[in-house]
There are 2 protein chains.
Amino acid sequence: MGRHREFDVDTALDAAMRVFWRKGYEGASYADLTAATGVERPALYAAFGNKEALFRRALARYYERYLDYLPEALAQPTARRVAAHLLHGAVDLNTRYPDHTGCLGINGVLAGSDDAEPVRQALIDARAAGEALLRERFDRARAEGDLPETARSDVLAAFLTAVLHGMAVQAKAGFSRDMLMAVAEHALSTWPTGGSAPSDPAS
Amino acid sequence: MGRHREFDVDTALDAAMRVFWRKGYEGASYADLTAATGVERPALYAAFGNKEALFRRALARYYERYLDYLPEALAQPTARRVAAHLLHGAVDLNTRYPDHTGCLGINGVLAGSDDAEPVRQALIDARAAGEALLRERFDRARAEGDLPETARSDVLAAFLTAVLHGMAVQAKAGFSRDMLMAVAEHALSTWPTGGSAPSDPAS
DNA sequence: TCGTTACGATAACGATCGGTATGGAATTGG
DNA sequence: CCAATTCCATACCGATCGTTATCGTAACGA
């Protein structure tokens, strides 16, 4: 009894998910959502509840649809291959779609609405500037012999900032200082040695 | 001629910076800013311009005031000590103030307004759940001998997720796939070996 | 065919957003 | 002491936010 829904719920959810992926939670307005889904506002409310519920549904769908490499990775036979599968899967996902860079779970609150774009760009620029300083410093280090000739300073700088930003996210999630310090120590444990200067175990 | 300003601009800027640190750019409303600074809205506009200009000033102040370990690190004699100083400085900053966890530059757009808190918490929980899965997987790996007895599965899981999230941030900043892959490879280069199983160079 | 049901579309709700016009008070230079 | 100037405070601006009431109508079971 009663009329049936005209739009496909799954299709609409996919479209909504892509909006959240691109603009984040607060950055995605209902104007964006209705435009992307082709579904009017009250119909979205009827089908999904409020905005938060819609976002949670979209997040769940993201996990099962795009984070499928996570259970794949966990099924790998060795820990190293688990890590490798995870890292490569993340690289792939982060760069597969040119207009959905990064990961919904992070962009979800790292991205913002459209008119916050200049601010976001300023932050990105500041980041890039810091990373460039690091890269130049590592270039000098290689020239001075305390990095091996084969070391890639751009990779080292990118790796370091990746760990730094990952730690910042973790701190926001409530990680203890000890845990963060252990993460930092592990990151250091991979530091290349073998230049003309001896490896340096200090602090 | 004319009356002088009653409030101290630097003090107000510090207070505003702390608000942005906690709530992000869009999450910080003028209601928050006036409450924190004790300065009325028109006075903030007169002193700093609009919200974006105020944020940029706050960001600059954050760099010179709290990211002072960055030039310190760059002045270290070896690349490894540069990295160490940077990592430890970041750990310190991220955990020094209980109510300003993380880094302004990342929270700046990773945090949001107060009523987005449940969504943020859902994301944090999802992240923690994934990390717990990783930790359990590494526990099993140690039991099976493909991780050394001394390996700390919690640290490995935290390190991996830190790199993953750092890469996601970098992808949002426009990093190339090759660069991200190089970062991933470097992160893998530090993977502990020495369990009963041989090290596994695959994939 | 008829009554019921739930649809889709429009428009409006109160609240809050960033940003400003308006006065009255206060402090300055002359 | 006066006039000019700049302050602070209140109140309001239009726009947009998430959310919902209203309403005509299309699709169902009987």
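As the structure is a prediction and not an experimental result, all values here were calculated from the model.
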Please report, rounded to the nearest Å, how far the [atom2] atom of [N] is from the [atom1] atom of [X].
{"X": "Asn50(A)", "N": "dC17(D)", "atom1": "CG", "atom2": "P", "answer": "16 Å"}
{"X": "Phe48(A)", "N": "dG18(D)", "atom1": "CZ", "atom2": "P", "answer": "16 Å"}
{"X": "Lys23(A)", "N": "dT16(D)", "atom1": "NZ", "atom2": "P", "answer": "13 Å"}
{"X": "Lys51(A)", "N": "dC17(D)", "atom1": "NZ", "atom2": "C1'", "answer": "8 Å"}
{"X": "Phe55(B)", "N": "dG18(C)", "atom1": "CZ", "atom2": "P", "answer": "13 Å"}
{"X": "Tyr30(B)", "N": "dA9(D)", "atom1": "OH", "atom2": "P", "answer": "17 Å"}
{"X": "Asp8(B)", "N": "dC7(D)", "atom1": "CG", "atom2": "P", "answer": "15 Å"}
{"X": "Asp115(B)", "N": "dC17(C)", "atom1": "CG", "atom2": "C1'", "answer": "12 Å"}

**Message:** Under a plain distance cut-off of 3.5 Å, with no hydrogens placed, do Glu26(A) and Ser113(A) share a side-chain donor-acceptor pair?
**Reply:**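 Distance-only check fails for Ser113(A) and Glu26(A).
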**Prompt:** In terms of side-chain heavy atoms, does Arg152(B) have a donor or acceptor partner in His186(A) at a distance below 3.5 Å?
**Reply:**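 The answer is no; no qualifying pair exists.
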**Message:** On the side chain of Arg41(B), is there an atom forming a donor-acceptor pair with the base of dT20(C) - under 3.5 Å, no angle test?
**Reply:**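 Side chain to base: no pair present.
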**Request:** Check Arg22(B) against Asp99(B) and note the closest heavy-atom contact, atom names and distance.
**Result:**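 The answer is CG-O, 3.1 Å.
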